[in-house]
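In what follows, residues are counted from 1 in the order of the sequence shown.
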Amino acid sequence: MKIAVAGKGGVGKTLIAGGIARGFVERGLKTIGIDADSSPNLGLTLGLSAEETRKIVPISDNEPLVEAKTSTGYSGVYNLNFSVDDIVKQYSVPTPLGVNLIVMGTVHTMGAGCMCAPTAVIRALLRHLVVEVNEAVVMDLEAGVEHIGRGTARQVDDLLIVADSNMKSLEIAKHIHDLASVAGMKSLRLIGNRVMNDTQRDAIQTFADQNGIKVAAYVPWDQKVIESDMLGVSPLKNKDIEAVKAIDGICELLLAKKN
């Protein structure tokens with residue numbers, strides 16, 4: 001299973017990505033969680049402490065690694081033919097919820113554009129994880145899917161686009177949906193998150209229907225999620241939280257579709 005989760009900042013996509021990754025682990029799948037957000041916090045969601053997450057050096061900031069992979073000895077000239085399978089083994093961080101975490105750092109477009117050394121390493125690593133690794137992979141992305149790239153987009157089983165009932169988040173969801181469609185992704189579905197009542201649910205469903213977007217599931221607003229975050233404890237550790245139960249249901253949905 002290769003799952004990408006995207007959405008506007010602040011809509012709760014990281015909790016959903018972490019919950020799906022944890023669900024895969026609990027169902028016997030060896031799982032890699034990829035934090036590709038420029039403000040990474042998937043580690044906290046997967047049960048690491050703030051101190052532990054601060055110690056993680058993103059791949060993009062790991063200068064010795066980038067130098068070892070791309071250096072040619074000539075300034076401004078990079079080696080773009082290198083393997084990255086060792087990065088998965090050496091730089092993934094085990095988490096309390098059983099997911100192996102890799103923090104990418106800032107990800108630039110995987111198509112034409114910047115060919116700087118850190119971007120080259122991240123591009124190669126993303127492609128390796130999506131195309132070659134025989135494990136479940138869950139990617140927590142920024143708003144937009146350009147950095148998946150046309151070459152790897154078709155290999156992702158599902159793109160889950162997270163939005164709440166706020167029109168700004170829904171408009172960004174539509175933008176992500178349009179970009180992903182152009183990139184060749186076939187399975188695109190919306191997750192309505194932090195839904196407090198039928199009015200909010202109807203607003204999300206109406207927007208999706210008007211724009212040809214399939215809704216996969218709704219996750220309810222839950223005060224216990226807020227309280228857990230305030231205490232610095234992953235909400236995913238409490239399976240009695242209704243939102244956590246709903247996210248686990250998404251995991252079941254994805255696996256049923258795959259099978």
field: Side chains of Pro96 and Leu48 in contact at under 4.5 Å (non-hydrogen atoms)
entry: yes

query: Hey, does the side chain of Ser169 reach the backbone of Asp164 with a donor-acceptor pair shorter than 3.5 angstrom?
result: yes

message: Quick one: does any side-chain atom of Asn41 pair with a main-chain N or O of Leu44 as donor and acceptor, under 3.5 Å?
response: no

- request: For Arg27 and Gly23, indicate whether the former's side chain and the latter's backbone hold a donor-acceptor pair under 3.5 Å.
  value: yes

message: Assess the residue pair Glu26 and Lys239 against the criterion (salt bridge (charged side-chain N to carboxylate O under 4.0 Å, His left out)); give the C-alpha distance rounded to whole Å, side-chain angles, the decisive distance to 0.1 Å, and a yes or no.
response: CA-CA 12 Å; Glu26 291 186 339; Lys239 294 185 179 181; 2.8 Å; yes

- request: Kindly indicate whether the side chain of Ile32, heavy atoms from C-beta on, has any atom under 4.5 Å from the side chain of Ser92.
  value: no

message: Checking Asp248 against Arg22 for the salt bridge (charged side-chain N to carboxylate O under 4.0 Å, His left out) test, could you report, in this order, the C-alpha distance in whole Å, the side-chain angles of both residues, the deciding distance, and whether it holds?
response: CA-CA 9 Å; Asp248 197 60; Arg22 184 211 63 174; 3.5 Å; yes

- prompt: side-chain contact (heavy atoms from CB on, under 4.5 Å) between Gln205 and Tyr218: does it pass, once the steps are laid out?
  reply: CA-CA 10 Å; Gln205 187 66 56; Tyr218 290 98; 2.7 Å; yes

- prompt: Which heavy-atom pair separates Ala208 from Val215 by the least distance, and what is that distance?
  reply: CB-CG2, 3.5 Å

- request: Check the pair Lys69 / Asp86 against salt bridge (charged side-chain N to carboxylate O under 4.0 Å, His left out), numbers first and verdict last.
  value: CA-CA 11 Å; Lys69 289 294 181 183; Asp86 57 323; 2.9 Å; yes

query: Mind checking whether Val156 and Ile3 have side chains closer than 4.5 Å, heavy atoms only?
result: no

Ser71 backbone acceptor or donor facing Asn79 side chain under 3.5 Å: no

query: In Å, rounded to the nearest 0.5 Å, how long is the span from CG of Leu236 to CD1 of Ile241?
result: 8.0 Å

- prompt: Are Leu253 and Val138 grouped together when hydrophobic residues (ILVMFWY) are joined by side-chain heavy atoms under 4.5 angstrom apart?
  reply: no

- request: State whether the number of non-hydrogen atoms from other residues, nucleotides or ligands found under 6.0 Å of Glu63 atom CD is greater than 12.
  value: no

query: Of all heavy-atom pairs between Met185 and Leu188, which one has the smallest distance, and what is that distance?
result: CB-CD2, 3.6 Å

field: Within-4.5 Å side-chain heavy-atom neighbours: Leu101 and Ile56
entry: yes

- prompt: Short question: side chain of Lys13, backbone of Val5 - any donor-acceptor pair under 3.5 Å?
  reply: no

message: Any side-chain to backbone donor/acceptor pair from Asn62 onto Pro58? Under 3.5 Å, distance only.
response: no

field: Stepwise side-chain contact (heavy atoms from CB on, under 4.5 Å) test for Trp221 and Val195
entry: CA-CA 5 Å; Trp221 182 88; Val195 179; over 6 Å; no

- request: Find the distance between NE2 (His175) and CG (Leu170) and round it off to the nearest 0.5 Å.
  value: 14.5 Å

- request: To the nearest 0.5 Å, tell me how far Arg194 CZ sits from Ile226 CD1.
  value: 6.0 Å

- prompt: Within a strict 4.5 Å, meaning less than it, do heavy atoms of the Glu171 and Asn211 side chains meet?
  reply: no

query: Nearest heavy-atom pair of Thr70 and Ala117: which atoms, and what distance?
result: OG1-CB, 3.3 Å

field: Distance, nearest 0.5 Å, that separates CE of Met139 from CG of Leu42
entry: 12.0 Å

task: Would you sort out whether Ile16 and Asn193 count as a side-chain contact (heavy atoms from CB on, under 4.5 Å), showing the intermediate values?
output: CA-CA 9 Å; Ile16 290 174; Asn193 194 32; 3.9 Å; yes

- prompt: To the nearest 0.5 Å, what is the distance between CG (Asn238) and CD (Glu227)?
  reply: 10.0 Å

Check: Leu160 main-chain N/O paired with Asp158 side-chain donor or acceptor under 3.5 Å: no

message: Is it the case that the side chain of Gln200 and the backbone of Met196 share a donor-acceptor pair, with hydrogens and angles ignored and the cut-off at 3.5 Å?
response: yes

field: pair Ile191-Val219: side-chain heavy atoms closer than 4.5 Å
entry: yes

message: side-chain contact (heavy atoms from CB on, under 4.5 Å), that's the test. Do Lys30 and Val99 meet it? Break it down for me.
response: CA-CA 8 Å; Lys30 190 174 181 180; Val99 179; over 6 Å; no

message: Could you tell me if the side chain of Asp222 sits less than 4.5 Å from the side chain of Val225, heavy atoms only?
response: yes

- prompt: How close do Ala243 and Pro220 get, heavy atom to heavy atom, and via which atoms?
  reply: CB-O, 3.6 Å

message: For a quick test of reading the model, state the closest non-hydrogen atom pair linking Phe82 to Val121 and the distance between them.
response: CZ-CA, 3.8 Å

query: Near Gln223 CD, under 6.0 Å, is it more than 12 heavy atoms from other residues, nucleotides or ligands?
result: yes

Ser49 backbone acceptor or donor facing Glu52 side chain under 3.5 Å: yes

field: Residue pair Leu190 / Ala163: nearest heavy atoms and the distance that separates them
entry: CD1-CB, 3.9 Å

message: Can you confirm whether more than 12 heavy atoms, excluding those of Lys245, are under 6.0 Å from its NZ atom?
response: yes

- line: To the nearest 0.5 Å, atom NZ of Lys2 lies from atom CG of Leu254 at 14.0 Å

query: So, do Val57 and Leu65 sit near enough that their side-chain heavy atoms are less than 4.5 Å apart?
result: no

message: For Ala50, is there any backbone N or O sitting under 3.5 Å from a side-chain donor or acceptor partner on Thr53?
response: yes

Sole candidate of Asp61, Leu126, Asp37, Asp140 that passes side-chain contact (heavy atoms from CB on, under 4.5 Å) when paired with Met104: Leu126

